[in-house]
Peer 1: 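The structure that follows is given in the form of structure tokens.
Every chain is numbered from 1 and lettered A, B, ... according to where its sequence line falls, protein lines coming before strand lines.
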Amino acid sequence: MAELAGQAQDARKPETRRRPKARYAMPLKIALGWLALLALWEIAGRQQWVAGGALPSPSGILGQLIVDWHDYPEHIRATVRTSLIGFLLGNLVAVLVGFLMASWRPAGRLLSGVNVTLFAMPPIALTPILVIAFDGDAPRIALAALSTYYPTMVATVLGLTRVDARLLDLVRLYGGGRWATLRWIRLRHALPTLLAGLRVAAPNAVLGSLLAEFGSGAGAGLGHYLIGSLGRGDPARLWGIGLVATAISAGFYLSILLLARGWVGRQAPAQESLGGSSSGSMSRAGRLLCLAISVTLPVLLWWAAVWGLERVGVSPFVLRSPPELVVELFSTMRPESLTRIVGGALAQTVPWCLAGMLVGLAFALLLAIVGTLSPVLGRVLMPLSLLTQSMPLVALTPLIVLIFGRDGATILAITISVTFFPAYVTLAQGMALVPAATRDCVRVLGGSRWREIRLVSLPWSLPYLCAAARLVAPRAFLGVMIAEWLATGTGVGNLLNVARGSLDYGLVWAVVVAAVLVSVLLYLAVTLIEHWVLKRYAMASAS
Amino acid sequence: MTLSRRRFLQMTGSGVMAGALGWPALSMAQNGQGTPFAMQASWVNDAEFSGYFVAQRNGYYADEGLALDYRPGGPDVIPEGALLSNRAAVALTTVESTLKAVTQQGAPLVIIGTQYQKSPVGIVSLASNPIEKPEDLAGKVLAVPPVNRLAVEAMLAANGMSTDDVRIVPYAYDPTPLLKGEIDASLDFVTNVPYTIQLHGEEAVSFLLYDHGFPVFNDTLVVTRQTLESRRADLLAWLRASRRGWEENFQDPTRYPPLFADSFFAGNGRAIDNEIFFNQAQQPLIESPNGIFSMADTDIARCVEALGRIGIEASAEHFDTSLLAELEA
């Protein structure tokens, strides 16, 4: 995501060139802003302003990090190793699938069900199943790989398909076939885009690995260290672990950035959209068939996975195939039917999820407007935003419940923190791409900055707002689940935990499947609204 | 970190194999000679499992002809899952979740012994806002790990209260909200968290659920019915070595924790003093006149009755004391 923000900043460059003095003033202001923020944090931490001292000061965190340092290398190695393996595996699959989808158009349609599922499913819902199914490092690797897949797959398809048609014509004109266009044009063109996708995927891999470490009981890894440290009541230690995890994510991100710079130079990756290009060429019946297959495929994959796990000796007691789960859902053998339990929990969770989506989007929009009105402030707040994305929320729970309590406010706060960042990046990109001429039009006529935003930037960003809403929908569900699990003890998040604890595997599977299903449905609902809105305003979809 | 190509291939190679196949054998660290025997613990490495660490360090398992594969637990690890997935021969479990799975879902499990005669699960609060008995909980906020919710309901019911009288919120094993007064009490091992509270300059007050209407075992030793039949000799060997480890550990509960600082406890994020505190506090809860792990018929009956009150229809059949009897003989 963050490289999109980079592009957003690049897009502003011509403006700075117009006023040479501002070239140095801007970085200076940003640096001063960071220093001020850090100083404020330090004072707030020392004076115990926030939550009775549950927010440690930066110097306190650093001091604790130095004291604990001898513990870290082993945990860092374990986390880096599993996330790296997961990253490689996930990308391998993603690139292969991307190739398939780019070279054979129907593949994209057939796999869309699987892709949307992998994109939308909440990782915390998946961990218990992975821990049951796999052993040792495997759950961590699997979650890292799954978290890596989607961005890389999208980037591969994008890079291979969005090629300047004139270049393709040129190769064809000289007698080149499919292979030649692939060799000389498509692959070269795909590389920068693929590397941009890898950059997004890399921190995902670290987070995925970390999340699975909480549970898998392996002896080393930062997630494991975090769990062991929770009982100390020492926020400085927890923040230290979170910051080291953040540093690993940043390290992954930067290594790929440097690799990309060295390999393909500063060539900008393709930015055009992925969706809606292949329609029309297929008959109605063919489209329906594709739809049916794409919906069935995720279920078949689940079935195949269960079948395979039973073959390698995992007890059927913990596994549920699709038909088994359906039978159990409607079974009358239980004291309270599964549909009722899961339905009751969903009724608690989904309203918060919708509220969280709106609040998260509003927060992101606010931040994007602030960033447009004051680019300095926008960039000062950037590292803070990044931090909220990679700090494990379990480490922040005491702080959050001390500030927001254990009711709706906490649910919304956690949901905002989980949702706003990708939405913000998308919106900022949209606002930065407003044509200068349109903006100048308002300015020349004497309109204020705010008027410019209202009349030009906001309407212009509508497609980006829609794209942001699509990104936010499944994450909002994840956010509410996390809040319910860690703070409020209600809804689907809590039910998953209780089901796990009481060894009710039928319930575990029912909750996991329900969570994935609801996330996918939310995503599809937002996509439908997006189609309707954009059609009404005759706009094209962004990303 | 610099990686040689070879080292890199080694790392990825082994990970991919174990990962892709989910193959149990590859991930097991089999140290030494003897019959491979895997045990699944219920939590990350801390003093709760000192007896098994002592037995490993002093070679008691090897003496019995076992090559022990000790598997630490964690918040997401369901120890019974390791039994049902054939990854471990014996697991340490929470008795109510095991018997719930047995009675309500037909899990083929059986309890062959218990580490804790009295479960160390209790209600911990600060002396400045003390909660010394169940009645004091009325109108308070109590943090409970979802796994232990049933136990709390049982304790409340036994004291004429219900969950309407207390606000129950999730507990994630971080005492900060308790120390800051955001919650009034939390449910935790009384052998553990009071140490941290003292470290933060507060005094802890606690009572055991065991003493207030929920007299159950904890860290019960659980096996599948099949293992009980087919691996009797190995189970006996494991019980004998583990009991020896616990007995040696309690000769002086301050002796062993420091010795494990760089082995079993390395990098677990906890202080050695905390482990010593834990080890001392748990001694009276583990030791029994009939020998460590023993399950007296009267205690089984009380445990069964307590579970009955939370809707788990357990019976003495779910406890098999034949191995323990054989151990005495």
Peer 1: Against chain B, work out which of A:Leu486, A:Asp71, A:Asp504 has the most heavy-atom pairs shorter than 4.5 Å and name it.
Peer 2: A:Asp504
Peer 1: Of the listed residues (A:Thr397, A:Asp234, A:Asp407, A:Asn494), which shares the most heavy-atom pairs with chain B below a 4.5 Å separation?
Peer 2: A:Asp407
Peer 1: I'd like to know whether B:Phe265 forms a side-chain contact (heavy atoms from CB on, under 4.5 Å) with B:Phe53, so could you lay out the CA-CA distance, the side-chain angles of the two residues, the decisive distance to 0.1 Å, and finally the verdict.
Peer 2: CA-CA 10 Å; B:Phe265 296 156; B:Phe53 299 145; 3.6 Å; yes
Peer 1: Side chain, backbone, both or neither: which part of B:Leu178 has a non-hydrogen atom closer than 4.5 Å to chain A?
Peer 2: neither
Peer 1: Is the charged tip of A:Arg237 near the ring of A:Trp239: under 6.0 Å from the six-membered ring centre and within 45° of its axis?
Peer 2: no
Peer 1: Run the side-chain hydrogen bond (donor to acceptor under 3.5 Å, both in side chains) test against B:Ser263 and tell me which residues pass, sequence neighbours left out.
Peer 2: none
Peer 1: Does anything in residues 174-192 of chain B pair up under salt bridge (Lys or Arg N to Asp or Glu O under 4.0 Å), and if so which pairs, sequence neighbours excluded?
Peer 2: A:Arg406-B:Glu182
Peer 1: Quick one: closest heavy-atom pair of A:Leu130 and A:Ala142, and the distance?
Peer 2: CD2-CB, 4.0 Å
Peer 1: Which one, A:Val498, A:Thr488, A:Val318, leads in non-hydrogen pairs under 4.5 Å with chain B?
Peer 2: A:Thr488
Peer 1: For A:Leu238, which atoms come within 4.5 Å of any heavy atom of chain B: side chain, backbone, both, or neither?
Peer 2: side chain
Peer 1: Residues in side-chain hydrogen bond (donor to acceptor under 3.5 Å, both in side chains) with B:Ser186, at least two apart?
Peer 2: none
Peer 1: Who among B:Asn148, B:Val169, B:Asn45 has the most heavy-atom pairs with chain A under 4.5 Å?
Peer 2: B:Val169
Peer 1: Under a plain distance cut-off of 3.5 Å, with no hydrogens placed, do B:Asn279 and B:Glu275 share a side-chain donor-acceptor pair?
Peer 2: no
Peer 1: Are A:Arg320 and A:Val306 close enough that some pair of their side-chain heavy atoms sits under 4.5 Å apart?
Peer 2: no
Peer 1: With a 4.5 angstrom heavy-atom cut-off, which part of A:Tyr72 approaches chain B: side chain, backbone, both or neither?
Peer 2: neither
Peer 1: Specify the closest pair of heavy atoms between B:Pro108 and B:Leu84, including all atoms of both residues, with the distance to one decimal.
Peer 2: CD-CD2, 3.8 Å
Peer 1: When heavy-atom pairs shorter than 4.5 Å are enumerated against chain A, which of B:Arg270, B:Glu80, B:Lys100, B:Gln40 gives the highest number?
Peer 2: B:Glu80
Peer 1: Side chain from CB out, backbone as N, CA, C, O: work out which of these in B:Arg149 comes under 4.5 Å of a heavy atom of chain A, or both, or neither.
Peer 2: neither
Peer 1: Taking heavy atoms only and a threshold strictly under 4.5 Å, list by residue number the residues of residues 192-201 of chain B that touch chain A; give 'none' if the list is empty.
Peer 2: B:Thr196, B:His200
Peer 1: Please determine, among B:Ala271, B:Gly181, B:Pro175, the option with the most heavy-atom pairs under 4.5 Å with chain A.
Peer 2: B:Pro175
Peer 1: Is the ring centre of B:Tyr173 less than 6.0 Å from the ring centre of B:Trp43?
Peer 2: yes
Peer 1: So do the side chains of B:Asn129 and B:Lys140 get within less than 4.5 Å of each other, counting heavy atoms only?
Peer 2: yes
